[in-house]
Protein chains: 2
Amino acid sequence: MGNSFRIGEVAERSGVSIDTLRYYERRNLLPAAPRTPGGYRIFNSETIDRVLFIKQAQDLGFSLDEIGSLLSTNGSSECRRVRDLLDAKLTELDTRLKSMHEFHDKLTRYLAECEEELKRHPDSAECPVVVEIAHAERT
Amino acid sequence: MGNSFRIGEVAERSGVSIDTLRYYERRNLLPAAPRTPGGYRIFNSETIDRVLFIKQAQDLGFSLDEIGSLLSTNGSSECRRVRDLLDAKLTELDTRLKSMHEFHDKLTRYLAECEEELKRHPDSAECPVVVEIAHAERT
DNA sequence: TTACACCCTAGACCTAACTCCAGGGTCAAG
DNA sequence: CTTGACCCTGGAGTTAGGTCTAGGGTGTAA
């Protein structure tokens, strides 16, 4: 009861659709759920956490295949392989974070110019940002 | 000459395929290039910068539609609209950066546990990380 | 004036990650 | 023991962002 859910509840609580849950099971991102005699899947709350983890990783640019390799609990999973995977992911993440910061700074500069122009010529239709992005100066 | 390129050169210099360049033109992410009498497109170096900008933004999770609205130089582009768009993008970017950092920390913790375990039991097949991710603790 | 790399268009095809559908079964409440 | 909400499977369809193909023209160096 307290820790037993049908697919619709899991979907609602984890913010994905029922179809997506079944799709994840097919892709082995979720273990095959046990069934009721009638064939209904029975999930527990760990499934919900797991789905949230998948969504978070995905949101940060990891593909389902990559997430799958991080999650693969299959018998032969040994520590060293997981360590190496994590190491690689962290390096990737660092790179992404760095260019994210750069892009953030670039947009901030654009925004400042925009405000500047609006202050100086409130009715201007010629946005310096448009011109600049169109000509895409190198950062 | 110095600032005039055929599509193949632009592709090579900006790291995308020829098809992608034509596709971007169709999607109006690039202005319709002028043509030679025979119909060949003629690009200048600003196109290359622009493609690099698109790729950068895309890499950070912006869709081509979003990038398009940022780049739209169409007649009626007025400063205020661009300012608002930029503002929204920056907020988004901040959110993404924040959860990226959190995810980074989470992976770092996993990695530390992994190393720990390897140091303690060099031949261990039971990775604590696998267990933990499988059970997806909430961060 | 031909050889050969390069370019053109329209439109079909591809991959990832879903999303929908038909046709049918399950189950708790009344 | 029926009703209505919910679940099942297999397979087709969708969207974003390209990528490929057929059939044909261009440009320039030898």
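Just so we're on the same page: letters track the sequence lines, and every chain starts at 1.
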Atom pair distance, as rounded to whole Å: CG in Asp65(A) and P in dC18(C): 12 Å
Leu64(A) side-chain proximity, nearest of dC18(C), dG27(D), dC7(D): dC18(C)
Side chain of Thr36(A) (C-beta onward), nearest among dC27(C), dT9(C), dC8(D): dC27(C)
Atom-to-atom span, CD1 of Ile42(B) to P of dC6(C) - whole angstrom: 18 Å
Closest to side chain of Ile7(A), choosing from dG18(D), dC7(C), dC7(D): dC7(D)
Presence of Gln58(A) side-chain N/O under 4.0 Å of dC18(C) phosphate oxygens OP1/OP2: yes
Sugar-phosphate, base or nothing in reach of Arg41(B), heavy atoms under 4.0 Å: sugar-phosphate
Residue that, paired with Ile42(B), satisfies side-chain contact (heavy atoms from CB on, under 4.5 Å) out of Ile7(B), Thr36(B), Val10(B): Thr36(B)
Atom pair distance, as rounded to whole Å: CZ in Arg35(B) and P in dC7(C): 12 Å
Nearest heavy-atom neighbours spanning Leu52(A) and Ser14(A): CD2-O, 3.8 Å
Distance, rounded to the nearest Å, where Glu66(A) contributes CD and dA16(C) contributes P: 12 Å
Under 4.0 angstrom between Tyr23(A) side-chain N/O and dA16(C) OP1 or OP2: no
Between dC6(C) (C1') and Glu12(B) (CD): distance, integer Å: 13 Å
Atom-to-atom span, CZ of Arg27(A) to C1' of dA16(C) - whole angstrom: 7 Å
Proximal nucleotide (of dC6(D), dG18(D), dC8(C)) relative to the Arg6(A) side chain: dC6(D)
Comparing Arg26(A) and Gly38(A) on DNA chain C - which has the more 5′ nearest nucleotide: Arg26(A)
Side-chain ion pair, Arg120(A) and Glu116(A), N-O less than 4.0 Å: yes
Rounded distance (Å) that lies between atom P of dT9(C) and atom CG of Leu21(B): 13 Å
dG17(D) OP1/OP2 closer than 4.0 Å to side-chain N/O of Lys55(B): no
Nearest-nucleotide pick for Tyr40(B), side chain only, options being dG27(D), dG17(D), dC7(D): dG27(D)
N/O donor-acceptor pair under 3.5 Å between Arg96(B) side chain and Asp59(A) backbone: yes
Minimum heavy-atom distance between Tyr40(B) and Arg6(B), given as atom pair plus value: CE2-NH1, 3.5 Å
Nearest-Å distance for atom pair CG/P, residues Asp19(B) and dC7(C): 12 Å
Below 4.0 Å: OP1/OP2 of dT19(D) and any side-chain N or O of Thr20(B): yes
